[in-house]
Protein chains: 2
Amino acid sequence: MTIQDRLYQEIARKLIDALATGAFKVGDRLPAERELSAEYDVSRPTIREAMIALEVQGLVEVRVGSGAYVRRLPGKEDNPGFNVTAFELTEARLLFESEAAALAATQITDEELAELAQRVKDIALENQTEGGTEEADRQFHLAIAQATRNTAVYQAIEELWKLRRSSPESALLHAKARFANIKPVVDEHSAILEALRNRDPKAARSAMRTHLSSVLDSLLFATEEKAIEEARRAVAAKRDRYNRVSS
Amino acid sequence: MTIQDRLYQEIARKLIDALATGAFKVGDRLPAERELSAEYDVSRPTIREAMIALEVQGLVEVRVGSGAYVRRLPGKEDNPGFNVTAFELTEARLLFESEAAALAATQITDEELAELAQRVKDIALENQTEGGTEEADRQFHLAIAQATRNTAVYQAIEELWKLRRSSPESALLHAKARFANIKPVVDEHSAILEALRNRDPKAARSAMRTHLSSVLDSLLFATEEKAIEEARRAVAAKRDRYNRVSS
DNA sequence: ATGATGATATTGGTAAGGCCACTAAATGAC
DNA sequence: GTCATTTAGTGGCCTTACCAATATCATCAT
């Protein structure tokens with residue numbers, strides 16, 4: 001009746017304990033498989049199995065030829081999106097939400113149009129207040145995603161907004177960008193609403209592209225302000241390539 | 001040149017696919033490690049690694065000396081996305097992946113183009129074999145997402161493929177659709193590759209749209225076969241609206 | 001006939017060793 | 001100084017082998 005506790009599980013527990021105790025920080029490299037093999041006095045395959053258990057749980061990332069690196073610490077619930085920069089997020093929104101807007105234009109109901117109109121007013125209000133949030137903005141865009149009548153589309157776009165929240169640095173950057181770009185935002189949202197009201201897919205797509213391109217530009221400006229030269233250059237390069245795509 | 005996609009992950013995906021397509025029921029015993037080793041033409045340690053990946057996810061339970069037993073079917077618990085139909089998924093891919101292809105056209109490297117060429121060959125091979133999987137197809141599309149150099153875009157598209165696998169009914173429908181639409185798939189993928197090779201964003205977007213529209217049509221056909229009238233009508237309506245969007 | 005017992009086959013568990021591919025840092029050539 | 005090359009070090013995967021737990025079934029005592 002001896003339960004043959006699987007060895008790899010025991011090793012995996014020990015490794016997780018080691019992470020939890022703070023022996024390693026995020027980004028640190030774990031010892032090589034051969035070293036761990038000697039340290040815990042088990043074979044390398046067993047170490048590999050334990051490592052896979054950790055990898056499946058998102059705790060570590062294994063890079064071929066380099067080693068195993070800590071991705072997140074145990075106890076912290078998963079943040080699937082990691083090094084997603086504010087620029088990447090907005091670029092993704094530009095691609096996806098523009099298409100969603102086009103699709104929504106063919107499906108949207110009068111009730112949803114009324115809701116969107118209210119959201120536009122909310123956005124104007126938010127912008128007038130000093131420490132305003134971006135909640136109305138978020139709801140505006142999610143409502144459009146909802147109007148596509150496609151669960152997969154909605155979930156994907158919702159996921160992008162979650163990613164935006166998960167990165168503090170990203171949120172900060174967005175806040176600065178919003179500050180530098182207040183008035184146009186209201187007009188741009190109105191333009192999107194107008195296109196949807198006319199059930200015009202192409203116009204809706206175009207208006208959404210214009211809006212998010214504007215946000216992208218704001219991000220560029222904010223990034224320059226932060227004087228992170230490296231990031232600025234990378235972003236600028238990306239901006240150029242985007243212009244080629246959407247032209 | 002060979003992407004060191006970890007072999008155990010590939011095997012794990014195939015096993016999960018097998019579970020999703022209904023090859024096994026809850027409580028069933030999976031083939032022995034040695035059998036699976038021969039079946040998938042990999043070593044036993046690799047099978048063990050894949051099995052551990054499934055075990056950590058709670059899909060199977062391994063009993064020493066007896067075998068591995070199905071604990072639950074994939075896609076029930078872990079995915080918040082539930083009622084995502086095969087049509088919705090493909091429609092979302094049509095919207096998103098087309099834009100991703102356009103973006104990738106401006107960024108793709110020669111190495112990535114070579115990899116894509118290999119994937120096209122793999123897809124042809126997969127289609128020739130009887131019980132072929134859709135692994136090559138998946139890798140083709142994910143490679144394009146990767147070529148966008150945008151983590152957010154990649155994650156979103158990867159999420160769509162995960163959703164696809166999480167719904168057994170969806171996987172089944174796709175299998176039927178694939179059967180009814182073999183030859184064009186290879187040509188369509190070739191067309192996408194050619195557009196990317198020319199670094200032509202518009203052509204890439206167009207080729208991807210053509211491809212996924214074709215998949216959408218296959219789904220319609222398969223749905224009709226299943227004689228689910230209600231679903232068919234809903235899908236047909238959506239198809240019409242999509243034609244309006246993309247025109 | 002029936003139930004207990006033990007031999008044997010099957011299955012997963014682990015170890016050891018080997019070779020390959022990839023990575024990155026040290027080294028050398030220019 | 002810059003760039004290409006070399007060289008350890010690393011993980012990826014395979015092969016072989018043996019051990020341990022379990023399942024199966026023939027055998028035997030009742």
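Throughout, protein chains are lettered first and strands after them, A, B, ... in sequence-line order, and every chain is numbered starting at 1.
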Using salt bridge (Lys or Arg N to Asp or Glu O under 4.0 Å) as the criterion, list what pairs up with B:E112, not counting sequence neighbours.
-> B:R149
Pairing residues for B:A117 by the side-chain contact (heavy atoms from CB on, under 4.5 Å) criterion, not counting sequence neighbours = B:L193, B:R197
What residues form a salt bridge (Lys or Arg N to Asp or Glu O under 4.0 Å) with B:R34, not counting sequence neighbours?
-> none
State whether the number of non-hydrogen atoms from other residues, nucleotides or ligands found under 6.0 Å of B:R71 atom CZ is greater than 12.
-> no
Using atom CD of A:E10 as one end and atom P of C:dG13 as the other, report the distance to the nearest whole Å.
-> 14 Å
Taking only heavy atoms on the protein side, list every residue of residues 37-54 of chain B lying under 4.0 Å from any atom of DNA chain D, sorted numerically.
-> B:V42, B:S43, B:R44, B:P45, B:T46
Those residues that, when tested against A:E55, pass salt bridge (Lys or Arg N to Asp or Glu O under 4.0 Å) (two or more places apart) = B:R6
In whole angstrom, what separates B:L7's CG from C:dC22's P?
-> 14 Å
Name each donor-acceptor pair under 3.5 Å that joins a side chain in residues 40-54 of chain A to protein atoms two or more places apart or in another chain, with its distance.
{"from": "A:S43", "atom 1": "OG", "to": "A:T46", "atom 2": "OG1", "distance (Å)": "3.3"}
{"from": "A:R44", "atom 1": "NH1", "to": "A:E33", "atom 2": "OE1", "distance (Å)": "2.8"}
{"from": "A:R48", "atom 1": "NE", "to": "B:E49", "atom 2": "OE2", "distance (Å)": "2.9"}
{"from": "A:R48", "atom 1": "NH2", "to": "B:E49", "atom 2": "OE1", "distance (Å)": "3.4"}
{"from": "A:R48", "atom 1": "NH2", "to": "B:E49", "atom 2": "OE2", "distance (Å)": "3.0"}
{"from": "A:E49", "atom 1": "OE1", "to": "B:R48", "atom 2": "NH2", "distance (Å)": "3.3"}
{"from": "A:E49", "atom 1": "OE2", "to": "B:R48", "atom 2": "NE", "distance (Å)": "2.9"}
{"from": "A:E49", "atom 1": "OE2", "to": "B:R48", "atom 2": "NH2", "distance (Å)": "3.1"}

Separation of D:dT22 atom C1' from B:E61 atom CD, nearest Å, is 14 Å
At a cut-off of 3.5 Å, list every protein nitrogen or oxygen paired with a nitrogen or oxygen from nucleotides 9-11 of chain C, distance to 0.1 Å.
none

side-chain contact (heavy atoms from CB on, under 4.5 Å) against B:R29, all qualifying residues, sequence neighbours excluded = B:A32, B:Y69
Residue set satisfying ring-ring contact (aromatic ring centres under 6.0 Å, His included) with B:F140, at least two apart, ordered chain then number -> B:H189
